[in-house]
**Q** 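Take this structure first; my questions come after.
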Amino acid sequence: MDVQAQPETLAELRRLGVPLVPALAVGERAVHGWNPPAYAALLGVDWAPAAKLPPGELSRRLDRILECTQELVRVVPEPLLDWSPPERARPLRDLAYHVFRLSLAFVDGMDLGELPEGWLGERAPAELRDGEAIARYGALVRARVSGWFEGASDREFERVIRVYYGPQSGHDLLERTTWHAAQHLRQLYALVERHGLTPEPVPVDLFAGLPLPDALW
């Protein structure tokens with residue numbers, strides 16, 4: 001269930017010992033965190049994970065997603081950045097900023113060994129008033145993320161860190177970060193097109209192999 005639409009469901013999860021979403025509950029049993037194997041066991045179904053793209057390819061995809069987000073946000077007029085779609089009460093300004101912030105959270109989390117939920121709830125700072133300012137912030141994030149990948153060894157992606165939805169390996173967290181950013185880029189494209197803007201199309205191969213949901217919301 002959507003805890004934003006039905007806040008009482010979060011109270012029920014907490015009764016079962018689950019402090020935050022994502023989670024899956026069946027009766028009095030619950031699994032906390034992004035843990036598909038445990039979800040399958042809870043539901044009693046057979047499940048085999050799809051092969052993940054290697055870290056090098058995921059890092060290239062993430063950089064391209066950030067580049068596309070920069071290009072897109074530049075064409076959004078400042079008044080439109082304050083518009084929130086009916087699907088979720090989040091202005092376009094905050095959604096575009098979130099794509100960059102969640103990507104920065106990956107490298108900061110890997111460095112610190114912990115990724116708290118609060119990082120992903122941050123809103124765009126007041127100084128990021130227009131699309132160009134958000135794109136410049138995105139350039140700083142891209143440089144930081146790219147620099148981290150240049151210095152990361154293969155073993156870095158085997159390391160497990162504390163994430164607010166459960167322990168994650170660097171590889172798992174990178175995959176989630178990449179498809180998370182990709183999903184929001186898809187949303188941004190759909191939303192600006194509602195207002196008659198026609199940005200450059202996303203490369204057709206950018207999302208291939210990522211475990212993206214079928215629905216935009």
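Hydrogens, waters and symmetry mates are skipped; everything else that's a heavy atom, side chains included, is used.
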**Q** Ignoring hydrogens, what is the shortest heavy-atom contact between Y164 and P116? Give both atom names and the distance.
**A** CD2-C, 4.0 Å
**Q** Under 4.5 Å between any side-chain heavy atoms of E71 and P199, yes or no?
**A** no
**Q** Can you name the nearest heavy-atom pair linking L102 to V99, along with the distance?
**A**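 Closest approach of L102 to V99: CG-O, 3.5 Å.
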**Q** Regarding R162 and Q168, do their side chains bring together a donor and an acceptor under 3.5 Å, going by distance alone?
**A** no
**Q** Can you tell me how far CG of L174 sits from CG of L62, rounded to the nearest 0.5 angstrom?
**A**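 Interatomic distance, L62 CG to L174 CG, rounded to 0.5 Å: 7.0 Å.
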**Q** Do L115 and L173 make a side-chain contact, defined as non-hydrogen atoms from C-beta onward lying under 4.5 Å apart?
**A** yes
**Q** Identify the two heavy atoms, one from L206 and one from C68, that lie closest to each other, and give their separation to 0.1 Å.
**A** CD2-SG, 4.2 Å
**Q** So for atom CZ, which belongs to R194, do other residues, nucleotides or ligands contribute more than 12 heavy atoms lying within a distance under 6.0 Å?
**A**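 Yes.
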**Q** If we only count heavy atoms from C-beta on, is the L81 to I134 side-chain gap below 4.5 Å?
**A** yes
**Q** Is there a donor-acceptor contact under 3.5 Å from the side chain of S146 to the main chain of A143?
**A** no
**Q** Would you say the side-chain atoms of E122 pair up with the backbone N or O of D94, donor to acceptor, closer than 3.5 Å?
**A** no
**Q** E193 and T198: side-chain contact (heavy atoms from CB on, under 4.5 Å), yes or no, with the steps?
**A** CA-CA 6 Å; E193 286 174 349; T198 55; 5.8 Å; no
**Q** Could you state the interatomic distance from CD (Q70) to CD (E132), rounded to the nearest 0.5 Å?
**A** 9.5 Å
**Q** Under 4.5 Å between side-chain heavy atoms, hopping through other hydrophobics if needed: is there a path connecting L112 to V163?
**A** yes
**Q** Can a side-chain donor-acceptor contact be found between Q187 and H184 if the only test is distance below 3.5 angstrom?
**A**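 Side chains of H184 and Q187: pair found under 3.5 Å.
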**Q** Go through R176 and Y165 one step at a time and tell me if the side-chain contact (heavy atoms from CB on, under 4.5 Å) criterion holds.
**A** CA-CA 12 Å; R176 182 176 174 84; Y165 53 83; 2.6 Å; yes
**Q** Listed by chain and number, what are the salt bridge (charged side-chain N to carboxylate O under 4.0 Å, His left out) partners of R144, not counting sequence neighbours?
**A**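 Result, salt bridge (charged side-chain N to carboxylate O under 4.0 Å, His left out) vs R144: D108, D111.
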**Q** Taking the six-membered ring of F207 as reference, does the NZ or CZ atom of R61 fall below 6.0 Å from its centre and within a 45° cone about the axis?
**A**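 No, cation not above the ring by the 6.0 Å, 45° rule.
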**Q** Measuring only between side-chain heavy atoms, which start at C-beta, is R64 closer than 4.5 Å to P203?
**A**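 Yes, side chains in contact.
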**Q** Shortest non-hydrogen contact from L191 to P85?
**A**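 That closest heavy-atom pairing would be CD2-CB, 3.6 Å.
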**Q** Heavy atoms only: give me the nearest S169-F157 pair and the separation to one decimal.
**A** CB-O, 3.9 Å
**Q** With rounding to the nearest 0.5 angstrom, report the CG to CZ distance, L212 to R186.
**A** 5.5 Å
**Q** Can you tell me how far the NE2 atom of H180 sits from the CD1 atom of I65, to the nearest 0.5 Å?
**A**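 The distance works out to 11.5 Å.
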**Q** Is there a chain of hydrophobic side chains (I, L, V, M, F, W, Y, each step under 4.5 Å between heavy atoms) that links L197 to L216?
**A** yes
**Q** Aromatic contact between F106 and W148, with the criterion being ring centroids under 6.0 Å apart: yes or no?
**A** yes
**Q** Would you check if K52 and D172 make a side-chain contact, meaning some heavy-atom pair closer than 4.5 Å?
**A** yes
**Q** So do the side chains of H98 and L120 get within less than 4.5 Å of each other, counting heavy atoms only?
**A** yes
**Q** Say you draw a straight line from CZ of R123 to CG of L128; how long is it, rounded to the nearest 0.5 Å?
**A**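 One gets 12.5 Å once the value is rounded to the nearest 0.5 Å.
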**Q** I'd like to check the ring-ring contact (aromatic ring centres under 6.0 Å, His included) partners of W83; sequence neighbours left out, ordered by chain and number.
**A** H195
**Q** Any side-chain heavy atom of R101 within less than 4.5 Å of one from L104?
**A** yes
**Q** Please round to the nearest 0.5 Å and tell me the distance separating atom OG1 of T178 and atom CG of L58.
**A**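 Result: 4.5 Å between the selected atoms.
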**Q** Can you tell if the side chain of S84 reaches within under 4.5 Å of the side chain of R90, non-hydrogen atoms only?
**A**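 Answer no - side chains too far apart.
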**Q** State whether the side chain of H171 and the backbone N or O of R159 hold a donor-acceptor pair below 3.5 Å, judged by distance alone.
**A**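 The answer is no, because no donor-acceptor pair under 3.5 Å joins these two groups.
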**Q** Is it the case that over 12 heavy atoms from other parts of the model lie below 6.0 angstrom from the CG atom of D154?
**A** no
**Q** If every non-hydrogen atom of W119 is compared with every non-hydrogen atom of G109, which pair is closest and at what distance?
**A** CZ3-N, 3.6 Å
**Q** Determine whether E200 and R74 satisfy the following criterion, salt bridge (Lys or Arg N to Asp or Glu O under 4.0 Å), listing intermediate values before the conclusion.
**A** CA-CA 11 Å; E200 290 294 320; R74 283 193 177 101; over 6 Å; no
**Q** Any donor-acceptor pair under 3.5 Å linking the side-chain atoms of R142 with those of Y137?
**A**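 No donor-acceptor contact under 3.5 Å links the two side chains.
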